[in-house]
Enquirer: 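Sharing a structure here in structure tokens format.
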Amino acid sequence: MSKYDFELTEFQQRQAKVRKAMEQQGIELLLVIHPVNLNYLIGWRGKAYQEFQVLFFPIEPGPLAFLTRISEVPEAQDLTLADEVYGWASWGYGSRKPEEPVDAFKRIMSEKKYLGRRIGLEVPDYYLAPHQYIKIKEILGESLVTEATHLIEDVKMVKSPAELAYIRKAAYIADKAMETCVEAIVEGKTELEVVGEMHRTLMALGSDTPASPMNFVSGERTAYPHGMPTERKLRKGDFIHNEYGAAYRRYTTTIGRVMCLGQPTRRMKEIYQAVRDACDSAIGEIKHGVPAPLPHQAAKKLIEKAGLGQYRLHLTGYGLAPGFPPMWLEAMEMEDGNPYTLEAGMVVSIEPPVHIHEEKLGARIIDNVLVKESGAEILSKFSRDLIVL
């Protein structure tokens, strides 16, 4: 996203919601590091998430300072709502001396007189190196009052109408790529060749680069929950399943379907049906006010009833965020003990699988669902049936 992807009023409303949550938690300055949250507050989607970057977000409205690597400064100046963009570079250029990113962070904290305020720090799983985290904690000292990793995430789980429009666009693109997949699957073609055609469809229809690699497995490889495509050639009788995401302006939808090249065996049909029944049961439990673990429990019950409980090697479902490598998950995972409650306007992925290594078979159906007051809307329009080719 850039600052032009939404009306200014939408960004202002987001910032106001975050400041309200900061006030409730006693935070005067929030250090925002997760790329999804930078995206949410200032419209930043630059390719700097693998390096240190931070938005200094005070509780009082005013100019916002953003630190990123020097090569991204022009893009951040042009396409974000940051008022002051700083760049760090660990190499020298011109008359400028090398500067480590945490040293630049310390310098800005000092210049802005932020030290001494009540500070919340995001500590995301993938975007803050351990050695940087240790140094930042030393710099902040007693000013660090909490690790506010999920503060913004909790605020943004319910999507706005403008966000939902992008999500629906992503679902449309994902459906079209699945149509390409079905058309491309023929005996003798490699998994990589099929996936190449699917990627072309995704890009041609406006998808951003997906946040996670496409999974595509055939034959004996269907026992792998996250197998990426290989040079394996498709053969008559192959069971096939795939999973991928489409991302429109980083708003992501995912989809997974099960296919067979030729007539499926009885066991293939049994595994597919167990997964389909579990998915349908989970989706049937989704509506506003339902505890997040409830759909998982419904799916788990049916898979265990089919005698396949030990082969459920993945989450039943989770909330979907705008995707940045390497993931698109929100903290709301539909597993036992998760504290979240479903609310109208949330978007979740439902995908309870079965993968049996010793039988070299597996199946996974994935659908994204919009939570509504009295039920759920499946966003993909592509058939969820076992597709026989």
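In what follows, every heavy atom counts, from backbone to side chain, and hydrogens, waters and symmetry copies are set aside.
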Enquirer: Ignoring hydrogens and angles, tell me if any N or O in the side chain of His355 forms a donor-acceptor pair with the backbone of Leu361 under 3.5 Å.
Expert: no

Enquirer: Which pair of non-hydrogen atoms, one from Glu191 and one from Ser218, has the smallest distance, and what is that distance?
Expert: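 What the structure gives for the nearest pair is OE2-OG, 2.6 Å.
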
Enquirer: Between Glu147 and Tyr133, do the side chains contain an N or O donor and an N or O acceptor separated by less than 3.5 Å?
Expert: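 Note: Glu147 and Tyr133 side chains meet the donor-acceptor criterion.
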
Enquirer: Can you pull out every salt bridge (charged side-chain N to carboxylate O under 4.0 Å, His left out) where at least one residue sits in residues 335-352? Sequence neighbours excluded, please.
Expert: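 For residues 335-352: Lys300-Asp336, Glu351-Arg364.
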
Enquirer: Decide whether a cation-pi geometry holds between Arg267 and Tyr272; the criteria are a distance under 6.0 Å from NZ or CZ to the six-membered ring centre and an angle within 45° of the ring axis.
Expert: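 Arg267 over Tyr272 ring: no.
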
Enquirer: Tyr251 ring centre to Arg249 NZ or CZ under 6.0 Å, with the angle to the axis within 45°?
Expert: no

Enquirer: If only side-chain N and O atoms count, and only distance matters, is there a donor-acceptor pair under 3.5 Å linking Thr254 with Asn368?
Expert: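 A donor-acceptor contact under 3.5 Å links the two side chains.
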
Enquirer: Scan for side-chain hydrogen bond (donor to acceptor under 3.5 Å, both in side chains) pairs involving residues 177-188, sequence neighbours excluded, and state none if there are none.
Expert: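 Those involving residues 177-188 are Thr180-Thr201.
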
Enquirer: Does a salt bridge link Asp385 with Arg257, judged by any charged N lying under 4.0 Å from a carboxylate O?
Expert: no

Enquirer: Hey, are Glu197 and Lys189 close enough for a salt bridge, meaning a charged N less than 4.0 Å from a carboxylate O?
Expert: yes

Enquirer: Run Asp280 and Arg384 through salt bridge (charged side-chain N to carboxylate O under 4.0 Å, His left out) and show every step you take.
Expert: CA-CA 10 Å; Asp280 290 348; Arg384 302 169 67 238; 2.9 Å; yes

Enquirer: Taking Asp238 first and then Arg221, would you say they form a salt bridge - that is, a charged N and a carboxylate O separated by under 4.0 Å?
Expert: no

Enquirer: Would Arg250 count as a cation-pi partner of Phe324, with NZ or CZ less than 6.0 Å from the six-membered ring centre and within 45° of the ring normal?
Expert: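 Relative to the ring axis of Phe324, which defines the angle, Arg250 lies inside both limits.
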
Enquirer: Are Glu60 and Arg117 ion-paired here, with the side-chain N under 4.0 Å from a carboxylate O?
Expert: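 Looking at Glu60 and Arg117, the cut-off is met.
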
Enquirer: Distance from Thr146 atom OG1 to Met22 atom CE, nearest 0.5 Å?
Expert: 11.5 Å

Enquirer: Using a strict 4.0 Å threshold on nitrogen-to-oxygen distance, state whether Arg168 and Glu163 make a salt bridge.
Expert: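 Not counted as a salt bridge, because no side-chain N and carboxylate O are separated by less than 4.0 Å.
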
Enquirer: Could you check whether Glu100 pairs with Lys135 (Lys NZ or Arg NE/NH1/NH2 to Asp/Glu carboxylate O, under 4.0 Å)?
Expert: no

Enquirer: By the salt bridge (charged side-chain N to carboxylate O under 4.0 Å, His left out) test, which pairs, at least two apart or in different chains, include something from residues 302-329?
Expert: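 Output for this query is empty, none listed.
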
Enquirer: Is the Tyr248 ring parallel, tilted or perpendicular to the Tyr166 ring (thresholds 30°, 60°)?
Expert: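 Perpendicular, since the angle between the ring planes exceeds 60°.
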
